[in-house]
Amino acid sequence: MMEHPENSEAYKGLVVNAGVEQPSSVNPYLKRKPRRRQLTAGEFVEGILKGNVTLLSQAVTLVESVRPEHQALAQEVIEKCLPYTGKSVRVGISGVPGAGKSTSIDAFGLHVLQQYGGKLAVLAIDPSSERSKGSILGDKTRMEKLAVHPDSFIRPSPSAGSLGGVARKTRETIFLCEAAGFDKIFVETVGVGQSETAVHSMVDFFLLIQLSGTGDELQGIKRGIMEMADGIVINKADGDNLERARLAATQFRNALHLFPAPESGWTPQVLCYSGFYNLGIKEIWDMVYEYVRFVKANGYFDYRRNEQSKYWMYESINEHLRSSFYHHPEVESLLQLKEKQVLEGRISSFIAARDLLDTYFQALKE
Ligand code: GDP
């Protein structure tokens with residue numbers, strides 16, 4: 001049998017030839033930037049309190065991050081910022097897609113900055129962001145004039161996680177913006193129901209943008225959403241649409257009478273305007289600031305903020321518990337099996353839930 005050539009003494013499979021010496025850098029003048037050191041919570045807070053928007057943005061990115069070390073740092077920054085928060089007017093702005101939210105927020109923002117001075121932050125809660133993995137609400141390009149205004153800060157919706165998680169991050173961003181000296185906060189959302197409740201739970205005034213349409217304006221709008229509104233504004237009250245907008249306003253006013261009086265003691269108002277032609281904007285913001293004066297005088301302003309803090313305490317607990325449960329390795333491994341058994345009718349949903357919870361609590365004890 002022939003010996004394999006590689007077994008021969010003379011055979012060398014790998015021969016390393018002496019190479020040419022490489023220069024240490026192709027471009028000796030290029031200096032590699034050292035990796036940026038992560039700032040400390042104290043450094044973030046110092047920058048934020050000085051109104052440094054770059055640091056504010058970076059802190060918001062930490063708030064939005066899912067990495068535990070970012071979350072821990074974010075919480076420390078928020079905690080340190082808390083004494084400097086609370087001094088803004090927070091306004092929720094909601095409307096269905098196409099209602100004119102971006103056009104309106106551009107016009108509203110310019111108006112309030114011109115009329116009242118100060119600084120404006122526009123944040124957003126996009127309930128669809130979980131699916132679309134990216135969000136268009138609060139996008140700078142949609143608000144052309146505000147985007148280039150030196151006193152505005154526009155931040156799109158956080159995109160990862162459940163609606164509750166997204167909303168919590170937006171609420172925490174409000175605090176950071178306030179600490180950075182933003183005394184006017186808009187929180188935009190798309191009008192689909194649940195997200196309004198989330199926005200309502202973090203603002204002082206809830207503004208609902210409506211359109212006049214086919215005549216029966218009230219049909220498509222959920223009762224719960226209308227009850228949340230402190231003001232309803234009918235957009236596109238211009239040109240041929242003016243009469244229809246006025247008619248819609250009357251219908252909304254009549255409908256509001258049917259609801260029980262709001263806790264705030266404030267009667268929600270209905271106004272017509274045109275975001276595009278800049279008509280009726282002043283009246284809307286006169287209304288918002290009149291509301292703020294009214295509820296500050298009767299104590300409801302502080303009461304509502306306290307109630308919101310309470311709501312968020314429970315929300316945080318719920319979120320924590322839920323995440324701890326679903327991410328527990330033993331629960332995770334059992335979940336699919338139980339789900340299958342329920343789907344096949346082999347066990348009831350209650351038994352399945354109990355088994356999973358028992359497993360979870362047992363695992364916690366060990
Ligand atoms: P969003 O989806 O709620 O943000 O709505 P947009 O602001 O993008 O507006 C949707 C469309 O309505 C755009 O084509 C706007 O030009 C138009 N629009 C917005 N405001 C007005 C308005 O006051 N009057 C009229 N006629 N059109 C408007």
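In listed order, ligands and their atoms are each counted from 1. Basis for what follows: all heavy atoms, side chains included, without hydrogens, waters or symmetry-related copies.
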Enumerate the atoms of ligand 1 whose separation from the nearest heavy atom of [X] is less than 4.0 angstrom.
X      : answer
Lys101 : 1 (P), 2 (O), 3 (O), 4 (O), 5 (O), 7 (O)
Pro97  : 2 (O)
Gly275 : 23 (O)
Ser274 : 22 (C), 23 (O), 24 (N)
Arg142 : 4 (O)
Asp238 : 22 (C), 23 (O), 24 (N), 25 (C), 26 (N)

Regarding [X] and [Y], is there a side-chain donor-to-acceptor distance under 3.5 Å anywhere?
X      : Y      : answer
Ser201 : Arg168 : no
Glu178 : Ser88  : yes
Asp126 : Ser157 : no

* Should the ring pair Phe205 and Tyr291 be called parallel, tilted or perpendicular, given that the plane angle runs from 0 to 90° and is split at 30 and 60? ->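 Rings of Phe205 and Tyr291: perpendicular, over 60°.
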
Evaluate [X] for polar contact with ligand 1, using N/O atom pairs at a separation under 3.5 Å.
X      : result
Asn235 : yes
Glu188 : no
Ser102 : yes

* For residues Val190 and Lys101, determine if any side-chain heavy atom of one lies less than 4.5 Å from a side-chain heavy atom of the other. =>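 In contact.
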
* Asked: Hey, does Gly95 sit under 4.0 Å from ligand 1 if you only count heavy atoms?
  ->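 No, Gly95 has no heavy atom closer than 4.0 Å to ligand 1.
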
* Asked: Do any heavy atoms of Val96 fall under 4.0 Å from ligand 1?
  ->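 True for this residue.
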
Between [Y] and [X], does any NZ, NE, NH1 or NH2 come within less than 4.0 Å of an OD or OE carboxylate oxygen?
X      : Y      : result
Glu290 : Arg293 : no
Glu315 : Arg171 : no
Lys169 : Glu172 : no
Asp204 : Arg304 : no

* To do: With heavy atoms only and a cut-off of under 4.0 Å, state how Thr103 meets ligand 1: side chain, backbone, both or neither.
  =>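 Answer for Thr103: both.
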
* Which one of Tyr277, Tyr273, Phe276 has a non-hydrogen atom at the shortest distance from atom 22 (C) of ligand 1? ->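 Considering heavy atoms of Tyr277, Tyr273, Phe276, the nearest to atom 22 (C) of ligand 1 sits in Phe276.
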
